[in-house]
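Heads up: numbering here begins at 1 and tracks the sequence. If you're wondering where the values come from, they're calculated on a predicted model, not measured in any experiment.
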Amino acid sequence: MFSLAHPFGASSDVSFTLLLVYTGFYAATISFLTAQFFYRYLAIVHPQMVPVFFGGWKLILWILYACYFGLQWALGVTFFARLDEVSTDYMEDEILQYYGKRVEEIAMCAVVAFDENHELRWFNLMCVLNMTLIMMVQYGFIITFGWRMSLKIREAVSMLSTSMIRLHTQFFKVLILVPTITLFMPVFILMYTPMFDFQIRFPSGVMLSAFSFFPAMDAIIVMYILTDYRNAIKTMFFLSILNKKQAYQFESSAETMPYYQLDELTRFIAKVGFIFTSLLVLLFIFLTIYFVKRDFGSYRNLLIAFSILGFSFSSSEYIVHPMIHSYSAGFVFFTNPQTSIVSNDVMKIGLVFFCGIYGSTVCFIAVQFMYRYWALFDAPKLKWFESWRILLWCCYSLSIGILWAVGIHWFLEIDDFSIDYFQQGVRQIYGLELSSIPGFTSVIYTRKGDVRWRNLMCTIEMTMIIGMQYIIICFCGRKMSTGMKEKISMLSETSRRLHTQFFKSLVLQIVVPTFLLFLPMIIIIYLPLFNLEFSFPTGILFSAFAIYPAIDIAIILYIVCDYRNAIKYVLESMKSVCMSGGYSSQEVSFPICTTNNQMVYPHHTTGV
């Protein structure tokens, strides 16, 4: 950790002291969060003890408690993370190359976990252990108080009014969600990454941005989640302009507004996605089999298999037309039986099949990245993609899809509580009876705030599947991006160009599924965890699923030169046929990619 700033022209020693103060404030902040959790715990479970621990001058003790851990953190950095010869030599070239500064010129502390002999540097490791101790103590208290509140909430809140129960539940969500994401998680990543000794180079200080946003995010989320603040804001910005009658009419119309227009838009996008996917899949398979003659190895079979899977994905969405409506702590996943000619049981199987195809699709994307990674860094392992072995990867992808589908069917089965939770909204917005339509539901919390573990297990399962596949994609993509230049320099000109083209397509194939496959699903499955008071047809996000297969194939057709040339050859051949009235003696040349991706015509073929 370092700072290039010299405020008011101060020396490096002064800047280093300010760095220590910064780290101390971090530890004091997370310690004060523990005090907040302890206060909430007492307020719910032992309200008579609040004055004993927080009354009057005793609040100063908690401020001193936070200051103590801030001081311990800063002193740990001072004694255990100061620069020595090993850390200076280790960091000097890196700092000079990327920041244009010498180590001696800046305020800096460093932790180098291993020396050149790969032995632990215990002196620096003590700094990590000190930080871990402080964070685990604070986070342990937070989790303990939160857990005890969840266990005793039923007994304790029976003595409180309904409004007070709701108030305490809302405060609890705010207190545990924001610091976990913005304070604890970034530091854990920063501290423990050196322990694995990965060959990575990254300005991980960007994670410190989360610290900067924490105070503002904390205040914003409090104002958004807590009804009192939200109502106060509405009063300030709306009720001062609208009279009470107009405000009431606005709220009523917003609550009863049907979402037919959004549903029609989703259906239209699914239809367009299905048409384009069908056309592009046929074109892609046709070109791959008959016109793209360059040897792609077993990757050719992977591309064809994935295009067929994409067609199945788009087709299942077009036929089933799945819909999702998110409401507060849950969502209902269903399809409208009025638009189908088959029974509800068949449509329910269709929903499960759609989910399985989604799981298989994200898995097969990871398989493609593994192939490209091995092709560059460990070519002997490509034998696992040759001949009949490619079926193993198809079975692996299929098994992930089955696991996803079974999780939906098993954990999200509609029960009496979910019917009671969603029935009114589904009837009011869609004009359907939840108990008589094919669908599944997920409600994470009961009305008292208890976790419904059966539904939550589905979210956990989805998280594990998506997380595993996305980690594979990011790992392989990262390794290829850092080692591409070195590895492809040892390949032939043709192989080098081919790998470069496929890598460009894979870069887009990281970005595109991130926004069209992963992000929409993460939004859908994680919104219920926050239990926000809103109602919205999040099924509109499925529109991204509908267009993904077409975009994915279009990326390959555009970036890989062989496919561009094949398309041009087919178009020129068709033009020649049309102009000659069905037969042409005109010679049509099949173009081939050169080393700079331009097209040459090495031989001629007689026109059709």
Side-chain angles (χ1 to χ4, degrees), residues 262-289 301-324 333-336 339-342 346-368 394 397-398 400-402 404-405 408 438 462 465-466 469 473 505 508-524 537-559 563:
L262 284 177
D263 181 54
E264 288 299 322
L265 175 62
T266 304
R267 189 181 295 273
F268 174 75
I269 295 176
K271 183 182 297 184
V272 172
F274 170 71
I275 294 173
F276 276 95
T277 299
S278 301
L279 295 176
L280 288 176
V281 166
L282 291 175
L283 175 63
F284 179 78
I285 295 177
F286 176 70
L287 294 177
T288 302
I289 295 177
N301 298 327
L302 278 181
L303 292 175
I304 293 176
F306 186 68
S307 65
I308 295 174
L309 182 62
F311 173 75
S312 302
F313 186 35
S314 181
S315 301
S316 64
E317 180 171 4
Y318 175 67
I319 296 172
V320 177
H321 185 55
M323 304 164 66
I324 283 189
F333 175 51
F334 66 101
T335 185
N336 190 343
T339 61
S340 173
I341 60 175
V342 298
V346 174
M347 292 303 294
K348 195 169 184 179
I349 294 174
L351 287 174
V352 173
F353 178 78
F354 169 76
C355 295
I357 292 293
Y358 172 86
S360 296
T361 301
V362 297
C363 179
F364 215 89
I365 296 173
V367 170
Q368 289 190 70
C394 294
S397 176
L398 181 62
I400 294 298
I402 293 175
W404 188 288
I408 293 288
M462 294 177 182
I465 293 175
I466 291 179
Q469 309 311 319
I473 291 172
S505 68
L508 288 176
Q509 287 172 323
I510 291 179
V511 177
V512 172
T514 295
F515 287 98
L516 298 185
L517 286 184
F518 291 99
L519 189 58
M521 183 59 67
I522 289 174
I523 292 174
I524 290 172
T538 46
I540 187 67
L541 298 176
F542 279 168
S543 303
F545 298 169
I547 62 177
Y548 167 73
I551 292 178
D552 184 78
I553 295 174
I555 289 173
I556 297 178
L557 294 178
Y558 177 74
I559 290 184
Y563 285 98

D552 side, atom CG; S314 side, atom OG - distance, nearest 0.5 Å: 12.0 Å

Check whether any side-chain heavy atom of T266 sits under 4.5 Å from a side-chain heavy atom of M323, and report yes or no. no

With the side chain counted from C-beta on, respond yes when F333 and P322 share a heavy-atom pair under 4.5 Å apart, and no when they do not. yes

Only one of Y548, F354, F306 passes ring pair (Phe, Tyr, Trp, His ring centres under 6.0 Å) with F313; say which it is. F354

Go through I473 and Q368 one step at a time and tell me if the side chain to side chain contact (heavy atoms under 4.5 Å, CB included) criterion holds. CA-CA 9 Å; I473 291 172; Q368 289 190 70; over 6 Å; no

At what distance, to the nearest 0.5 angstrom, does CD of Q469 lie from CD1 of I365? 9.5 Å

Return the minimal non-hydrogen interatomic distance between G310 and P549, and the atom names on each side. O-CG, 3.4 Å

For the pair I408 and M462, evaluate side chain to side chain contact (heavy atoms under 4.5 Å, CB included) and give the outcome as yes or no after the intermediate values. CA-CA 9 Å; I408 293 288; M462 294 177 182; 3.0 Å; yes

Do I547 and F276 touch side chain to side chain, with heavy atoms closer than 4.5 Å? no

Can you tell if the side chain of H321 reaches within under 4.5 Å of the side chain of N336, non-hydrogen atoms only? no

Are Y558 and Y563 close enough that their ring centres sit under 6.0 Å apart? no

Sub-4.5 Å side-chain heavy-atom contact between S360 and L309: yes

Taking Y358 for its side chain and F353 for its backbone only, find out whether a donor-acceptor pair lies under 3.5 Å. no

State the OG1-CZ distance between T277 and F311, to the nearest 0.5 angstrom. 8.5 Å

Over all heavy atoms of both residues, which pair between V320 and T335 is shortest? Give the atoms and the distance, please. O-OG1, 2.7 Å

Is the shortest side-chain heavy-atom distance between I400 and I465 below 4.5 Å? yes

Measure the CZ-OG distance between R267 and S543 for me, rounded to the nearest 0.5 Å. 11.5 Å

Derivation and outcome, side chain to side chain contact (heavy atoms under 4.5 Å, CB included), residues I285 and S307: CA-CA 8 Å; I285 295 177; S307 65; 3.8 Å; yes

Within a strict 4.5 Å, meaning less than it, do heavy atoms of the F334 and M347 side chains meet? no

Does the S397 side chain pair with the main chain of C363, one donor and one acceptor, at a distance under 3.5 Å? no

Euclidean distance, T514 OG1 relative to I522 CD1, rounded to 0.5 Å: 8.5 Å

Show the nearest heavy-atom pair for residues L280 and I553, with the distance to one decimal. O-CG2, 3.8 Å

Atom pair CG (L283) and CG (L279), whose distance is rounded to the nearest 0.5 Å: 8.5 Å

Decide yes or no on side chain to side chain contact (heavy atoms under 4.5 Å, CB included) for F542 and I269, but give the supporting numbers first. CA-CA 9 Å; F542 279 168; I269 295 176; over 6 Å; no

Hey, does I357 have a side-chain heavy atom less than 4.5 Å from the side chain of E317? no

